[in-house]
Each structure stands twice: as structure tokens, then as C-alpha cells.
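Here's the structure we're looking at; comments come further down.
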Number of protein chains: 2
Amino acid sequence: MAEALEGRRSRRTATLASLAAELGVSRTTVSNAYNRPDQLSPALRRRVLDTARRLGYPGPDPVARSLRTRKAGAVGLLLTEALSYAFRDPVAVQFLEGLALACEDNGSGLLLVPVSPEADDPGAVARAGVDGFVVYSMPDDDDNFHAVLERPVPVVVCDQPTAVPDVDRVGIDDHAAMVDMARHLAGLGHRRVGVLCMRLSTERNDGFASVERQQRARYEVQRRRLAGLREGFAEAGVDWSAVPVVERYDHSESAGASAAEQLLAQHDVTAIVCTSDILALGALRHARTAGRAVPDEIAVTGFDGVPAAERAELTTIRQPTLDKGRAAGELLLDRGDRQRSRTLLLPTELLARATSGPAREFR
Amino acid sequence: MAEALEGRRSRRTATLASLAAELGVSRTTVSNAYNRPDQLSPALRRRVLDTARRLGYPGPDPVARSLRTRKAGAVGLLLTEALSYAFRDPVAVQFLEGLALACEDNGSGLLLVPVSPEADDPGAVARAGVDGFVVYSMPDDDDNFHAVLERPVPVVVCDQPTAVPDVDRVGIDDHAAMVDMARHLAGLGHRRVGVLCMRLSTERNDGFASVERQQRARYEVQRRRLAGLREGFAEAGVDWSAVPVVERYDHSESAGASAAEQLLAQHDVTAIVCTSDILALGALRHARTAGRAVPDEIAVTGFDGVPAAERAELTTIRQPTLDKGRAAGELLLDRGDRQRSRTLLLPTELLARATSGPAREFR
DNA sequence: ATGAAAGCGCTAACAT
DNA sequence: ATGTTAGCGCTTTCAT
């Protein structure tokens, strides 16, 4: 009993070679017994497998096999945040579901690479035994991302960074989507608007973000969404330099709520545009708490189209997150002998729901 | 450019040995340049790294390193369902978050093993390059689980199967929790009750489950929860053989809704006890659709304590799902030289909320 | 149907 | 601080 436990505790006892010796056959034969049953007589195969069981041989070591075959049988996933964040953000979860679907179809494992934002040890990436990487939404100039690019395996990026030479990418047109949103609100008469956005750099800055900071943002997605809003509102004559943009480092409802509070404390706006549903849900919560009627007094919009946004009847941009995950996986796994890198832009959709309506002045 | 792509496409060009040859140093030195910077002069290290870059050497191959060091740097996760299910079930997502937290702390990767319920090829388990496995809620006698036990690495089971010799386990007292729930309802006067449960075997059976089927269930958790209910209601004089139990293979709200419908079509009960929140949420939805007032006309209870249950004010049993995940990871990763296997039972809590109230007869 | 030979690419004693 | 030696455990042509 204690011995069985011991046996399970990584003490490899028999090897393919020792088993072959015991049986008086070659290693090839033993290997074939596991990997190519048709290459040897059923009787011999039985004998091999029985002896294996008797000797406690657990079958070919997967790592040794991977070394030999040069296939790990797994896809690595690199995330912006700590590993566990993947399960906290509903958008990430959706993306992962799609990616997992693609892996499943391919019989590939999915290895979540343990990156710690603090310890900038890109070692984990270098140590990951994978056949390729999917990179989910990383800032420009990220060490871990660079480490991924060093690895001689295919890479697919989701969302950001864009424009990495020779790397496939799947994403959406963040700019165009936000131009749409701006037009939607401008069409409802909104001119005095405020914006809540996600972090723009890797250093924490919870507060207003200057136009310069917006343009220098290290997160391309945020940069493009803000630029889209700027362009869309410009069409309606809104001077962007007067539009307050509040940034939050953490991506959570409470961050959204506090950002909304900070915004409204200093600016009299008729609409709060958020660059994510989570932030918008927080803004909604603050509006309710503060007794600001939505959408009568103030409009609130999101981005992503998560289930909770639907329940809240949030006006938002729906993006096909699950499809992005699946497409990323397929791009990585089904690549034939394709030489050129590909970029896949998936469609988005403006969902005008109950949290946006005519601006106060127009009611 | 095309060459850079080619380079990324798994054609390993330089190796540690060729780099050493080029430099005229030993392989050890090159290895040290990467793994033990303190073992060689900074100047030499620079030279090694520079030459590596020039030659396109991507650093030590992780698989070869794993073979040599006998460490994969990753934990494998085995799930009941297809891989992607992990991201669809909120309870699984929570568990994974906890597990990821433990992995993170340990610098371990998390490998989701691609098991397909259909193709009973336990090969994926055998091929996973991991230092140990976490097994999440598997039925008794599962092929993939057996394959895990064959591997000479530590294993931690969450929930089920219980009582596997020499394997650590983390779980809750499902039986006791449901005794509590039965007492809660019985205390409110409920005597005519019905139950909605999750699948009891790997073959689909969407319909009523006989007492015998309940007792033969291959899913220990369901078996224990039903047994707990039986015991708890027995204290109030309820004859279990007259209690209708409706089983659903799929775990989804719509499964819960249809099960509730099936139950109510044939039985006049004052309470529907569900073995999961998801099923209960579905039952709630059906009750609303069918115009049955909850809790006035009928009580509905769940199990798990997911966020959606809180929003619905569902009476349920809260279990510390995230903690289970973290504990499973810690049990696997922080095992000292412990010889005995351990079982960790985490506490649960009955949350009496708005979906349970006095039985009709007692109002 | 089975075997022999030749590595896959690396690290860890142990020397020097 | 650097080199020597000795594998880690396996698969895969190519022969027989």
C-alpha cells in the first residue's frame, strides 16, 4: 500500500528497455506493442503488455516520446494577466471555451502557461513543452510575448499586439466598432460624453487619461477603441480634447463603478461610453446607487456582449469571442503548408438596448 | 521574412551542442549560460547569448530538458466532460480558478488533457507530459481515470470517485449537506417533494430514476446527495420510494426546465429539490413560465452556490468551489515527503433564501 | 514480424 | 570557471 503510493510518486521503475530485456525482445517490439499493434502478433503483444503490468511498467514515457517525435501534443496559452485571471473574466472564459473546442477536435492538450506579471521571468514560456502558442491580448513590448516569439514554433495572436511580422492573428475591427458606437450616441443627441477605459499601460494609473496618454497606450485594443470614438464623435462636431477619459487598472465591476463616480464628480455628461461590458456594468451600478436614471438622465454603453450585459439590457458591441478562440486554435492547428501569415477579422454588431436613449436635451 | 516564418515553424536549427562547437566551449558552459548564470563569467555568458542570437538558437529545448530533469513543470487536469465543458460550467470555472491560483504560486503550468467522451482513447492521458494529475469529478470506473492511475505520478481527486487507495482527495460531505436541505424543507412542512438530479450513469437516461437506479448510480456525488435527501426526509416520515426523481444527462438550465416540467406533469409536489444550481435555475424558469408561484406554490432549491443562484435568491447549499480547486493544487504540489494519502473535506453551508418557504398546507 | 543502430537535445555529477 | 562523461527513455529507418 505504502509501496503503491511510492510507485505513484514519480519513481520510474521499469523502462521500455528493461522490459525488452526481460522479455528477450528488442525495444522496437515493445514500442510497437504500444504504438503500432498491427506490427506484431497479438500473442506477443499480449505477452508484452502482461509483462509490463507485472513489472509495473507504466507505458512509454510521454516526455521521452515527445523528444523523439518532436511533438508535444499541446498548445500553449499566454495571457496578459496571471493564469487564474483567465477564469475570472467572462470574456476570457468564452475565448478559452472556443480555443478548447479547437484543441479537442485536434486531440491537442491546452497548456496554460504560468506567467506572473510581477516576476518578469519569461522562463515559464521557454520551459513550456508545446507545439505552438496562442497569445491572448498582450500589451505591446511584453517580455513574455517576446519569449514566445523566440520559440521556434507557430504563434497565433488574439487581438493584440497587431502587426507582428509572420504571426497569424485573429481579432475584430475595434476602431470601426467604436465609430459605430459613437455614431449611435451622437445620433441620439449626445455631445457631452465621458469614457471609461481599461488600463493603458502596465503601470497603474487610476484616473483621467490625457489625450497624449491615450495615444501612447501600450494596449492596442484600447488605443483603437478610443481612436474610433474620437473619430465617430468628431463627425458630430465633438471636440475630443474636451472628452474626459477615466482609466482603471483593474478590470472589475467595482473599478467601473468607481470610475463612473470619479467621472461624474467632475463632468456633467449625458453618456458614459465604456470600453468593456464589465466596466459598463459597474457604471450602471454606480448610476443606480447615485440615483441617476439610465437611460433617461444618462446613457451607459459597453463592449463585448457578455451574458450579464444582456441581462442588464446594456447597449453594447457584441463580438464573437468564442469564435475568436476557436479560430485561433484552428489557425494554429490546421495550418497546412501555408507560408504567408494570416489575419482573420471577425464581425461585430452594435446592440442598441435599454441603457442608451435620447440625450436629456432631446427628450 | 519568409525565412523568419520558416524559422518559427518548428524547424530547429541550432542546438546547444552546435552552439558549443561554434563557440569552442563545452555544452555544460552553454547550458550554464542559460540555467546558472553565476557559474560562468559575465563576459563569456554575453558571448554565448550573443552567438546564440546570431545562430538563431532559441535556447534549451524544453522537452529535452524535461526528459533530463524528470520534471515537466505542469499539472494535468482530467475532467468528466469534453475539455471545453470546463469553461461552460460555472462551478468548473470556479474550481479551475482555484487550481490555477495554486499552480501560479508554484510556477506550474496547467495542462488541460483533451479527453473526448466518445472516443474512449485513454491515449491522451498517457501522452500528457505532466508531473501529476488533478482529477475533477469523474464517474466510477472511468477509462481515462484508470489511465491516470497507471501513470507513476501523484494524483489528487476532487469530489469523485472517493475511496481510491493511495490517492489524495478534496471534497465536501455531500450526504450531510443534503440531510440539512431535507430537514430545512421538512421543517417548512414539505412532505410531497420531487427531485431533479444530474446524470446517474454514462448512458443517457432523461426521465424518472428508480430507487434502484439511484443506488446503482455511477456518480458518487449524485448517489450521496440522493441518499442524504432520503435520510433527511425519512426523519420527517417521508417514504422515499414515493418520491419522484427526474434525471437529466445534460447539465444545463434548459435540462432543468424540462425536468421540472416532466416532474410537475405527473406529480403534485410542494418542493423541487435539485442537486445543482443550474438545474434549479432551470426549474425556476419553468415555474415562472408555467405560472407557478415560487415559493408560495412551490419551493425550489439548488446546490453549489454559484453567483447566478445568488442573483435569483435561490435557496441552496454553498460549497467552497474555489477553495476546492486551490486545495487540490496544493495537495498535489506541496506534498512534502508525506507517505499517507490525505482526504480534505471542506465545509458547506445551507443558504435559506427566497425560493423556499412554508409548504402550501402550512400557509 | 522482429531487431540493430542511431540519435532526439539536454543536464548533472564529477573532475580540473 | 570550465570541461568530461554518461545517460534521461524513447522512436524510427533500414535490415533481416
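Chain letters run A, B, ... following the sequence lines, proteins first, then strands; residues in each count from 1. Computation of the quantities below employed the complete heavy-atom set of this structure, encompassing side-chain atoms and omitting hydrogens, waters and symmetry-equivalent molecules.
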(Q) Please determine whether a side-chain nitrogen or oxygen atom of T29(B) lies at a distance below 4.0 Å from atom OP1 or OP2 of dG3(D). (A) yes

Q. Looking at the side chain of S31(A), which of dT11(D), dG9(D), dG9(C) is the nearest nucleotide?
A. dT11(D)

Q: Side chain of V25(A) only, please: which of dG9(D), dT2(C), dG3(C) is the nearest?
A: dG3(C)

Q: Looking at every strand, decide which applies to V63(B) at a 4.0 Å heavy-atom threshold: base, sugar-phosphate, or nothing.
A: nothing

Q.
Counting only side-chain heavy atoms from C-beta out, which of dT2(D), dT2(C), dG9(C) sits nearest to L44(A)?
A. dT2(C)

Q: Would you mind reading off the distance between R27(B) atom CZ and dC8(C) atom P, rounded to a whole angstrom?
A: 11 Å

Q. Of the candidate nucleotides dT2(C), dG9(C), dT11(C), which contains the atom at the shortest distance from the side chain of N35(B)?
A. dT11(C)

Q) To the nearest angstrom, how far is L16(B) atom CG from dC8(D) atom C1'? A) 15 Å

Q | Distance in angstrom units between R47(B) CZ and dA1(D) C1', rounded | A | 14 Å

Q) Roughly, in whole Å, what's the span from CG in L23(A) to P in dG3(C)? A) 10 Å

Q: Give the minimum heavy-atom separation between T80(A) and S137(A), together with the two atoms involved.
A: OG1-O, 2.6 Å

Q. dC10(D) phosphate, OP1 or OP2: any side-chain N/O from Y57(A) under 4.0 angstrom?
A. yes

Q: Just compare dT2(D), dT11(C), dC10(D) and give me whichever is closest to any side-chain atom of R65(B).
A: dT11(C)

Q: May I ask you to verify whether the side chain of T28(A) and the base of dT12(D) hold a donor-acceptor pair under 3.5 Å?
A: yes

Q.
For S41(B) and T69(B), find the nucleotide of DNA chain D closest to each by heavy atoms; which residue's nucleotide sits nearer the 5' end?
A. S41(B)

Q.
Could you tell me if N32(B) and R45(B) have a donor-acceptor pair between their side chains, going purely by distance under 3.5 Å?
A. no

(Q) For a quick test of reading the model: is some side-chain N or O of S26(A) closer than 4.0 Å to OP1 or OP2 of dT2(C)? (A) no

Q) Side-chain contact, heavy-atom cut-off 4.5 Å: V157(B) with V167(B)? A) yes

Q.
Expressed as a whole number of angstroms, how long is the span from L67(B):CG to dG7(C):C1'?
A. 13 Å

Q. Quick one: do the T202(B) and R218(B) side chains pair a donor with an acceptor below 3.5 Å?
A. yes

Q) R68(B) CZ to dG7(D) P: how many Å, rounded? A) 10 Å

Q: Whole angstrom is fine here: how far is it from CZ in R36(B) over to C1' in dG3(D)?
A: 15 Å

Q: Classify the nucleic acid contact of L40(A) as base, sugar-phosphate or nothing, counting any heavy atom under 4.0 Å across all strands shown.
A: sugar-phosphate

Q: Send over the distance from L19(B) CG to dC10(C) P, rounded to a whole Å.
A: 9 Å

Q: State whether a side-chain donor-acceptor pair under 3.5 Å links E104(B) with S84(A).
A: yes

